[in-house]
Visitor: 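Before we start, here is the structure in question, set down as C-alpha cells.
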Amino acid sequence: MSRLPAKKSKKPAKVAGLLGLGLDGRDGHKRITRGEKFAILGGSSETHERMTEGVVKTLEKLSHKGKTLEDAEPEEVADLLRENLPEKK
C-alpha cells in the first residue's frame, strides 16, 4: 500500500507581512524600521527612506480601501508598492 500525501486545499495566497531588504548600505549604519505588518532592514539612508515611505503609503492606501494586507490580493499589494515607491534621486 503506497502512502500518498494528503491533498492540500487550494487556498488563495495571502500577504501576512512585508519585508524590505536594502543591500546598498556602505556607511556602517544598521538601519531597522519595524511596523505592525512590515520590517525594513539595511540599505543606504536614501534607500531605507524610500522603502519605508513606499510601504507606509501602500498600507495607508489599503486602509483607505478598507483592506488589510491579509485581505488584499498579492498582485494588488505588489501594484501598490510599485506605485508608491518614490523615484530614486
Visitor: Are any non-hydrogen side-chain atoms of Leu62 and Leu69 less than 4.5 angstrom apart?
Guide: yes
Visitor: Tell me whether Glu76 is salt-bridged to Lys67, with the criterion being a basic N under 4.0 Å from an acidic carboxylate O.
Guide: yes
Visitor: Determine all donor-acceptor pairs shorter than 3.5 Å in which one atom belongs to a side chain in residues 18-26; sequence neighbours excluded.
Guide:
residue : atom : partner : partner atom : Å
Asp24   : OD1  : Ser44   : N            : 2.8
Asp24   : OD1  : Thr47   : OG1          : 3.3
Asp24   : OD2  : Ser44   : OG           : 3.2
Asp24   : OD2  : Thr47   : OG1          : 2.6

Visitor: Please report the closest heavy-atom contact between Gly54 and Leu85, naming both atoms and the distance.
Guide: CA-CD2, 3.9 Å
Visitor: So Leu41 and Arg31, do their side chains get closer than 4.5 Å, heavy atoms only?
Guide: no
Visitor: Do you know the tightest heavy-atom contact between Thr58 and Leu80?
Guide: OG1-O, 3.4 Å
Visitor: Is the closest basic N to carboxylate O distance between Glu46 and Arg50 below 4.0 Å?
Guide: no
Visitor: Thr33 and His48: which non-hydrogen atoms are nearest, and at how many Å?
Guide: OG1-NE2, 2.6 Å
Visitor: For Glu83 and Lys57, run side-chain contact (heavy atoms from CB on, under 4.5 Å): C-alpha distance rounded to whole Å, both residues' side-chain angles, the deciding distance at 0.1 Å, then the answer.
Guide: CA-CA 9 Å; Glu83 288 173 21; Lys57 284 183 179 180; over 6 Å; no
Visitor: Please find the pair of heavy atoms, one from Glu70 and one from Ala16, that lie closest to each other, and give the distance.
Guide: OE2-O, 3.9 Å
Visitor: Taking atom types as modelled and ignoring hydrogens, do the side chains of His29 and Ser45 form a donor-acceptor contact shorter than 3.5 angstrom?
Guide: no
Visitor: Nearest 0.5 Å, what's the CG-NZ distance between Asp71 and Lys14?
Guide: 7.0 Å
